[in-house]
Student: 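Here it is: the structure, laid out below.
Throughout, protein chains are lettered first and strands after them, A, B, ... in sequence-line order, and every chain is numbered starting at 1.
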2 protein chains.
Amino acid sequence: MATASRALNGGDRVVTDELRTRVLQAARQLRYVPNAHAQALANRTRATVGLIMHDVSDPYFAAITRGAMEVASAHGALVMLGSTFRSPHREIEYVSTFRAQRAQAILVVGSGFDDAEYLEAMRAELGIHQDAGGRYAFVSHHDLPGDAVLPDNAVGGAAVARALLELGHRRFAVASGPSSLTTVEHRVGGFVDAVEEAGLPRSAVRVVEREFSEDGGYDAARDLVREGLSATALFCASDVMALGALAALREEGVSVPGDLSLMGFDDIPVMRHLAPPTSTVSLDLAGMGRAAMRLVLDVPQDGVVEESGAGGPRRLRFPAEVVLRESTTAPTRR
Amino acid sequence: MATASRALNGGDRVVTDELRTRVLQAARQLRYVPNAHAQALANRTRATVGLIMHDVSDPYFAAITRGAMEVASAHGALVMLGSTFRSPHREIEYVSTFRAQRAQAILVVGSGFDDAEYLEAMRAELGIHQDAGGRYAFVSHHDLPGDAVLPDNAVGGAAVARALLELGHRRFAVASGPSSLTTVEHRVGGFVDAVEEAGLPRSAVRVVEREFSEDGGYDAARDLVREGLSATALFCASDVMALGALAALREEGVSVPGDLSLMGFDDIPVMRHLAPPTSTVSLDLAGMGRAAMRLVLDVPQDGVVEESGAGGPRRLRFPAEVVLRESTTAPTRR
DNA sequence: CTGTTAGCGCCTTCAT
DNA sequence: ATGAAGGCGCTAACAG
């Protein structure tokens, strides 16, 4: 048994060539694959990483996942998937499940929740995971200690405001998600701050808070229109919300950008194909996924700049850049 | 130890209340989670399913995955993800990896490859998996024995042809993927057959074969235009290809549907938002994912009709229905 | 009802 | 270079 084990694993010169080939051949004939559980038990770990996120079918998460999968498979790491559908409870549950699996690493993708109970539970779960030798990292802010890949959400939000101001807009609407999501908070916060910095009153921005989803974007835009829209530009906290908003605007007969300029955030692949091609803030989503996976797999990054206090958590910042397309123009309405 | 195990797992009345609470409390205090590998080893199985597909960031697979995840998490099954990026080799490798994990079930999503070596290897791997008590199923055709969830690809392709014929089109172009993919073969085959059945010559359809991807769609449309398009309607073998085709047509100055009617296949969520909203063939993608997961988890289906020979493989057929939107009109060019 | 004893399949010392 | 033995953490079968 020991010899077979050595022949199969220890690629080294510890087994006679003849014996090794004999073992290998038998294995092939039997289509033998070692029991990964037994290996994991004996080795006390395994190249496995747990991926926790809202929902893979959301293009934002899909793109990040793709990047993560590329790196994982290049390094022979097995990926386990956990969809939370935005439930903090499920998120914690998945950490615990992956802990039970003795996952080598856990990747928590997407906005954190601003909720004391959740934060405490996550901190505890992740702490134990780490004490047991596991790694973990976040993609997006989490108000929790740990390595992270961070999109420049606030900077992006501010850039949107400045781009719109430069076009001549002075009254804005924002289709926001729940402010308890850190991502939303940063994007909308950055936007509002930039507007105020430009000397406009707070009242220049009308913020509507709905679900952080396509339906939420739809609801927000429809309600905004029905309450008698005075804004000349609408900023959506994500492209997925912008998708919904666009549908609502079409139904309500509001022309984009004629009546209203529209901007999203993320630059998911379809934005360029929409009617009209929609302005947004581009983020290297797949790159973020790759960087995060590299972070937890402890392989060197590839061009991404690391910004970390000495010994502190490692943080990889991803720039957010405004991409102007046809959904934004100078305001024409009076 | 045994008592602790019983208290934790066997929800029955086999342990004194007092002892059980004591165990439970200790577990909670220590944030104990049982080692899943040890459990799997002792139990010889675990509720784990391996999901094999091309790429989660492709909206088609993303939607199917979403459905599969819903059912999996409702049944407490852990999902492992394998992205093949269309490599038959990796597909086989993942089956073997999941076999090593002693996955309870393996779900192979997406078109199979028409390749003898691949088919033989898959048959062997899946056979061993099954002999070891594992289940598996396909989503889409695979020319391999086993349970399957099958979209009506050929029927859908034919329906596209008929819809276009009815609008008055007589000369067609098809942006096809590699004909070695069964999905492509069925869709394009159904289309071509229906055109011939309508009494038109084979030459009425110009088929261009490119990658089965957005880039492939782009290349196909661009090349068709540059070679001097005589068709009045373009059928793309998938919506993702249609996305690329639309971009190419825009760049080449071909107006849709003015110069050319366009149809895709799948009805991925964005099609309705495109410029113009694009006609396609709708498939209940998430439903297919759910059905497939139910199939391998052996839980009753929910409204989906099963079509199976007695004792033979179980097959769930999903209807494909044409959805006409603004990318298709009667031909105006001469 | 509780405790004891074998494995589950593999890997890793430790002898040989 | 090979083989034998112990243990990874848990559960199931068997005693008590």
Side-chain angles (χ1 to χ4, degrees), chain A residues 1-48 50 76-78 80 95-104 125 128-129 131-134, chain B residues 1-48 50 76-78 80 95-104 125 128-129 131-134:
Chain A
M1 279 225 24
T3 304
S5 173
R6 284 189 279 253
L8 292 172
N9 305 318
D12 318 282
R13 288 287 104 72
V14 274
V15 181
T16 322
D17 270 3
E18 190 258 331
L19 236 183
R20 151 190 283 93
T21 31
R22 213 137 61 85
V23 170
L24 259 27
Q25 187 165 333
R28 199 162 333 111
Q29 238 170 273
L30 299 167
R31 293 199 165 266
Y32 169 85
V33 289
N35 183 320
H37 297 304
Q39 283 187 316
L41 201 55
N43 294 334
R44 43 215 37 245
T45 187
R46 200 176 43 141
T48 298
L78 194 70
M80 300 178 296
V95 174
S96 152
T97 299
F98 292 157
R99 205 149 70 67
Q101 301 289 335
R102 298 302 184 268
Q104 179 189 304
E125 287 289 336
I128 298 188
H129 167 70
D131 291 348
Chain B
M1 281 225 22
T3 304
S5 173
R6 285 189 280 252
L8 262 358
N9 304 319
D12 318 282
R13 288 285 105 73
V14 276
V15 181
T16 323
D17 269 3
E18 191 257 329
L19 236 183
R20 154 196 276 93
T21 31
R22 213 137 62 85
V23 170
L24 259 28
Q25 187 164 332
R28 199 162 335 112
Q29 237 170 274
L30 299 167
R31 294 198 165 265
Y32 169 85
V33 289
N35 183 320
H37 297 304
Q39 284 186 315
L41 203 54
N43 293 334
R44 43 210 42 245
T45 187
R46 200 178 39 143
T48 298
L78 194 70
M80 301 179 295
V95 174
S96 154
T97 299
F98 293 157
R99 204 149 70 67
Q101 301 290 334
R102 298 302 183 268
Q104 178 191 304
E125 287 290 335
I128 299 190
H129 168 70
D131 290 347

Student: Quick one: does any side-chain atom of A:S5 pair with a main-chain N or O of A:M1 as donor and acceptor, under 3.5 Å?
Tutor: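 Not confirmed, A:S5 side chain does not pair with A:M1 backbone.
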
Student: Measure the distance from CZ on B:R99 to C1' on C:dG9 and round it to the nearest whole Å.
Tutor: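 It works out to 15 Å between those atoms.
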
Student: Looking at every non-hydrogen atom in both residues, tell me the closest pair between B:L41 and A:A38 and how far apart they are.
Tutor: CD1-CB, 3.8 Å

Student: Is A:T3 near enough to D:dG3 that one of its side-chain N or O atoms lies under 4.0 angstrom from OP1 or OP2?
Tutor: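 Checking A:T3 against D:dG3: at least one side-chain N or O falls below 4.0 Å of OP1 or OP2.
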
Student: Under 4.5 Å between any side-chain heavy atoms of A:M80 and A:T97, yes or no?
Tutor: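 No, every pair of side-chain atoms sits at 4.5 Å or beyond.
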
Student: Are any non-hydrogen side-chain atoms of A:Q101 and A:T48 less than 4.5 angstrom apart?
Tutor: no

Student: Can you check the A:L8 CG to C:dG9 P distance for me, whole Å?
Tutor: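 The distance from CG of A:L8 to P of C:dG9 comes to 16 Å, rounded to the nearest Å.
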
Student: Once salt bridge (charged side-chain N to carboxylate O under 4.0 Å, His left out) is applied, do any residues pair with A:R102, and if so which ones, sequence neighbours excluded?
Tutor: none

Student: Using a cut-off of 4.0 Å between protein heavy atoms and nucleotide atoms, how would you tag nucleotides 5-16 of chain D 5' to 3' with B, S and -?
Tutor: ---BBBBBB---

